[in-house]
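This report concerns only the one structure given below.
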Amino acid sequence: MGQLDNKVALVTGGTNGIGAAAVRGLVAEGARVVFTGGNAEAADRICADTGALFVRHRVQDAEGWQEVSDTIRSRMGRLDIAFANAGINDGDSDIESVELDAWKRIVDVNLTGSMLTCKHAIALMKDNPEGSGGSIILNSSMNGILALAGDVTYSTTKGALRLLAKSVAVHCAHKKLNIRCNSIHPGVIETPLIQGAIAGAPDPDAARAMLENVAAVGRLGRCEEVVALLVYLASDNAQFVTGAELVIDGGATAGLPGV
Ligand code: NAP
């Protein structure tokens, strides 16, 4: 018996990193999963391994959401879990140097994309056969709590997701929709992105040590650890958890470093 038997989940940005681990982890707990992204080759591998269903879609593409919703309705007949995971920071910079185009692109994906995920997830969850219900989880970051000087757009969008989750949560509660919404705040997680950044640094060992020491516990987080929190929030064990922000960062935001 899985913790998510008979549930259907949507994962945005499920082709790589935390999103790909989420697809695998949700399937392992018994959910049927639809995921989105751009990399069809990576998606094919995940579909072959898990039986999940891929829809090629950019999360900020408002018109394209119709196809995502139609696919979930016609192929799955319901939606119980939505993980708004797609996120980027490439091209970001500090407030003095950030280019308007980069700002708009990152806001579009990280913030507008998550808003559209909530909107469409709620519409589907309201129509569930036995009545309205579901769980929405927004993948923010510890940088939604502690800002990065060199990533002003990423920090701003990830901070905004905290209040997007809370606004959605209280709206759904007031409307008695039985739909919960929470944000999660991972620290530095060892995804291919982070592995690439370490490998590409002038001194990879020093880069790894620096990133490990961001967390009070002195190590990087694992995708599977984030997925375990996701599974809990998606499950019926979290029925009373809504509008919450859950850090999963090895203590990175708990205190001043080294003091
Ligand atoms: P990643 O390895 O770069 O994966 C990003 C995923 O998002 C890919 O599957 C990518 O799909 C997809 N994606 C990118 N732009 C998209 C768009 N416009 N529409 C739909 N999908 C899109 O990143 P990650 O490290 O796993 O990060 C995933 C999320 O976790 C992000 O929101 C990130 O901010 C958050 N996070 C990560 C960390 C960390 O340490 N890694 C820490 C805190 C929070 P394609 O490549 O197929 O386009």
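Here the structure is a predicted model, which is why all the values come from computation and not from measurement. For ligands, and for the atoms within them, numbers begin at 1 and follow the listed sequence.
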Within the structure, is a non-hydrogen atom of [X] found at a distance of less than 4.0 Å from ligand 1?
X	value
M142	no
T12	no
N85	yes
K158	yes
C223	no

Using a 4.0 Å cutoff against the non-hydrogen atoms of [X], which atoms of ligand 1 qualify?
X	answer
G17	2 (O), 26 (O)
T191	25 (O), 26 (O), 41 (N)
G38	45 (P), 47 (O), 48 (O)
V109	18 (N)
N39	45 (P), 47 (O)
H57	19 (N), 20 (C)
G87	31 (C), 32 (O)
V188	40 (O)

Closest approach of any protein heavy atom to [atom], naming residue and atom:
atom	answer
atom 33 (C) of ligand 1	Y154 OH, 3.5 Å
atom 16 (C) of ligand 1	R58 NH1, 3.6 Å
atom 14 (C) of ligand 1	I88 CG2, 3.8 Å
atom 27 (O) of ligand 1	I18 CD1, 4.3 Å
atom 9 (O) of ligand 1	T15 OG1, 2.7 Å
atom 13 (N) of ligand 1	A86 CB, 4.2 Å
atom 43 (C) of ligand 1	P186 O, 3.3 Å
atom 3 (O) of ligand 1	L193 CD1, 3.9 Å

Side chain of [X], backbone of [Y]: donor and acceptor closer than 3.5 Å?
X	Y	answer
T117	G113	yes
D151	Y154	no
D92	T153	yes

For [atom], which candidate among [options] holds the nearest heavy atom?
atom	options	value
atom 7 (O) of ligand 1	A40, G196, G13	G13
atom 2 (O) of ligand 1	N16, L161, V11	N16
atom 38 (C) of ligand 1	G221, G187, G19, S141	G187
atom 44 (C) of ligand 1	A84, S140, G37	S140

Specify the closest pair of heavy atoms between [X] and [Y], including all atoms of both residues, with the distance to one decimal.
X	Y	result
N85	G13	ND2-O, 2.9 Å
T15	A43	CG2-CB, 4.1 Å
K158	N110	CE-ND2, 4.1 Å
D236	Q239	O-CG, 2.9 Å
R78	E130	NH2-OE2, 2.7 Å
V247	I145	CG1-CD1, 3.4 Å

Is the shortest side-chain N to carboxylate O distance from K166 to E245 below 4.0 Å?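 Between E245 and K166 there is a salt bridge, with a charged N closer than 4.0 Å to a carboxylate O.
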Please determine if R105 and D90 form a salt bridge, counting it only when a charged side-chain N lies under 4.0 Å from a carboxylate O.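 Yes, this pair counts.
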Hydrophobic clusters here meaning ILVMFWY residues chained together by side-chain heavy-atom distances under 4.5 Å, can you tell me if [X] and [Y] are in one?
X	Y	answer
L233	F35	yes
I189	L138	no
V107	W65	yes

By the definition salt bridge (Lys or Arg N to Asp or Glu O under 4.0 Å), identify the one residue from R222, R219, R208 that meets it with E190.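 The passing option is R208.
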